[in-house]
There are 2 protein chains.
Amino acid sequence: MINYTVSEENYIKTIHRLQQYGTVTTNALAAELKSKPASITAMMKKLKAKKLLNYQPYYGFRLSAEGNKVALLIIRRHRLWEYFLAEKLQFSWDEVHEVAEHLEHVSSKKLIDKLDEFLGFPTADPHGDPIPDAQGKIKNIQKVCLTDLPLNKPATVCQVADQSPSILELLNHNQIKIGTRVEVKRKFDFDNSLEIKTKQTAPFTISEQLAKNIFLNYAE
Amino acid sequence: MINYTVSEENYIKTIHRLQQYGTVTTNALAAELKSKPASITAMMKKLKAKKLLNYQPYYGFRLSAEGNKVALLIIRRHRLWEYFLAEKLQFSWDEVHEVAEHLEHVSSKKLIDKLDEFLGFPTADPHGDPIPDAQGKIKNIQKVCLTDLPLNKPATVCQVADQSPSILELLNHNQIKIGTRVEVKRKFDFDNSLEIKTKQTAPFTISEQLAKNIFLNYAE
DNA sequence: TTATATTTTTAGTTTTACCTAAATTTTTAT
DNA sequence: ATAAAAATTTAGGTAAAACTAAAAATATAA
Ligand SMILES: [Mn+2]
Ligand SMILES: [Mn+2]
Ligand SMILES: [Mn+2]
Ligand SMILES: [Mn+2]
């Protein structure tokens, strides 16, 4: 794999994220990268010349197959470093992104594959986003109810079924919201209550009724 | 601490290394950085303007007190990453430098101080060079004979007293040369022989006579 | 369907970090 | 002490990646 500049890599990664919702426009990219439309056009010409991008002037852009491969590799580096920072260096989940934004541009393949191995081939970063493997493959993320989550497998809250003020009061009290990383430590047969844990809290117990309303992203 | 560009950091680090032998000249720096004298002059003006360098045109350069602080911090980052690569990711000692050359420019203080803690505050990198602490202090490196090295304290071979072909034959057989990292695992009172270990080998025994001829850099 | 608004590209600058070639200063050798 | 050699700086230029302002193309709305 050829090496790209930090600037090129940041453009590629951002296009990859935005193109999930369709073709990416000049202005949308400029807004996302806090840049100016004219700068975007210049870089798009460069990425097109390098065959990373399909793009007709005045119509939007999408990454080429090669461009997508590069994007997945950068995302892999970013998320492995985030996992490292959170798990090994005790960074909190809101501190990891900024540092990973720099570490992701160190492009040694051996470094990343050895780091992956050292970390035990994690499948999700501290925010619950999936980590591509060395081939750029991402494990399927599926939505599961908290009641069905296996023990000791952290997953990320992505949906709360009930929207009443009373459930929100309880979630708030337990410091659970969309994006919170949760792990089930124990299940009690008597009342189907669950002992769960988040990064921010010591283990605590919640009712089956509450658990039934919480859905999580879970990498198989 | 202000942030510097990758280019500025590489200049600062190289000046710091060269100025051990006196004032650094334009041509010496150009040779070391594989650059051209005119490029050096331009950067020297910039570093002087930033108060990192003492420099009179046509005479050599030395880092200012502030410049030395910056240099020590970059060296700290470089050597901690080398230690990480060797100890945690099983890189061999000749592979670590190239990757560390990139990682050293990620400048988060928290990252480096947490990494230091995670690694157990190591005092020397895989080549035996001392690692500055968070204040930029370097532990004194002293030369000790292998017979006086404490148990389980790795140190780097820096000198072999006897230079005869017979001792070199033996050193070669045991894969010991200048720069080899050696650790004493056991001492036997009967004949003062030592069980030692290197990165490349399983533990093996050497005679007192051989040990007396091997001197090592040792960080107290 | 034509006029207006929006989006995108082009043109022309700036900054950083390089380069080569020429000029200048310092060193060295007769 | 002066001339030749070596080292260093200056002058002028390139490439990448940003910017502003103006021009051109596309979309929308009367
Ligand atoms: Mn992130
Ligand atoms: Mn980035
Ligand atoms: Mn090194
Ligand atoms: Mn470097």
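Throughout, a chain's letter reflects where its sequence line sits, starting with A, and its residues are numbered from 1.
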Compile the donor-acceptor pairs under 3.5 Å between side chains in residues 76-86 of chain B and protein atoms, sequence neighbours left out, one pair per line.
unit_1: B:Arg76; atom_1: NH1; unit_2: B:Asp116; atom_2: OD2; d: 3.0
unit_1: B:Arg76; atom_1: NH1; unit_2: B:Pro132; atom_2: O; d: 3.0
unit_1: B:Arg76; atom_1: NH2; unit_2: B:Asp113; atom_2: OD1; d: 2.8
unit_1: B:Arg76; atom_1: NH2; unit_2: B:Asp116; atom_2: OD2; d: 3.1
unit_1: B:Arg77; atom_1: NE; unit_2: B:Glu104; atom_2: O; d: 2.7
unit_1: B:Arg77; atom_1: NH2; unit_2: B:Glu9; atom_2: OE1; d: 3.1
unit_1: B:Arg77; atom_1: NH2; unit_2: B:Glu9; atom_2: OE2; d: 2.8
unit_1: B:Arg77; atom_1: NH2; unit_2: B:Glu104; atom_2: O; d: 3.3
unit_1: B:His78; atom_1: ND1; unit_2: B:Glu104; atom_2: OE1; d: 2.9
unit_1: B:His78; atom_1: NE2; unit_2: B:Glu82; atom_2: OE2; d: 2.7
unit_1: B:His78; atom_1: NE2; unit_2: B:His97; atom_2: ND1; d: 3.1
unit_1: B:Arg79; atom_1: NH1; unit_2: B:Pro130; atom_2: O; d: 2.6
unit_1: B:Glu82; atom_1: OE1; unit_2: B:His127; atom_2: ND1; d: 3.1
unit_1: B:Glu82; atom_1: OE2; unit_2: B:His97; atom_2: ND1; d: 3.2

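- For the side chain to side chain contact (heavy atoms under 4.5 Å, CB included) test, residues two or more places apart in sequence or in another chain that qualify with A:Lys177 are A:Thr180.
- Residues passing the ring-ring contact (aromatic ring centres under 6.0 Å, His included) test with A:Tyr11, sequence neighbours excluded: none.
- Among residue pairs with one or both ends in residues 28-60 of chain A, those qualifying as ring-ring contact (aromatic ring centres under 6.0 Å, His included) are A:Tyr55-A:Phe61; sequence neighbours excluded.
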For residues 18-31 of chain A, please give each side-chain donor-acceptor pair under 3.5 Å, one per line with the distance, not counting sequence neighbours.
unit_1: A:Gln19; atom_1: OE1; unit_2: A:Leu63; atom_2: N; d: 2.9
unit_1: A:Gln19; atom_1: NE2; unit_2: A:Asn68; atom_2: OD1; d: 2.9
unit_1: A:Thr25; atom_1: OG1; unit_2: A:Ala28; atom_2: N; d: 3.2

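- Near DNA chain C, meaning a heavy atom under 4.0 Å away, the residues from residues 5-21 of chain B are B:Thr5, B:Ser7, B:Tyr11.
- Of the candidate nucleotides D:dA18, D:dT8, C:dC19, C:dC19 has the atom lying nearest to any side-chain atom of B:Ser39.
- A:Glu101 meets the salt bridge (charged side-chain N to carboxylate O under 4.0 Å, His left out) test with A:Lys13; sequence neighbours excluded.
- Closest contact between the side chain of B:Asn27 and the listed nucleotides D:dA7, D:dC19, C:dT20 involves D:dA7.
- Here salt bridge (charged side-chain N to carboxylate O under 4.0 Å, His left out) pairs that include residues 127-144 of chain B, with residues two or more places apart or in two chains, number zero.
- Here B:Thr26 reaches the OP1 or OP2 of D:dT9: one of its side-chain N or O atoms lies under 4.0 Å away.
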Quiz item: Along nucleotides 21-26 of chain C, 5' to 3', which nucleotides get a B, which get an S, and which get a -, given that the test is a protein heavy-atom distance under 4.0 Å?
Solution: B--BSS
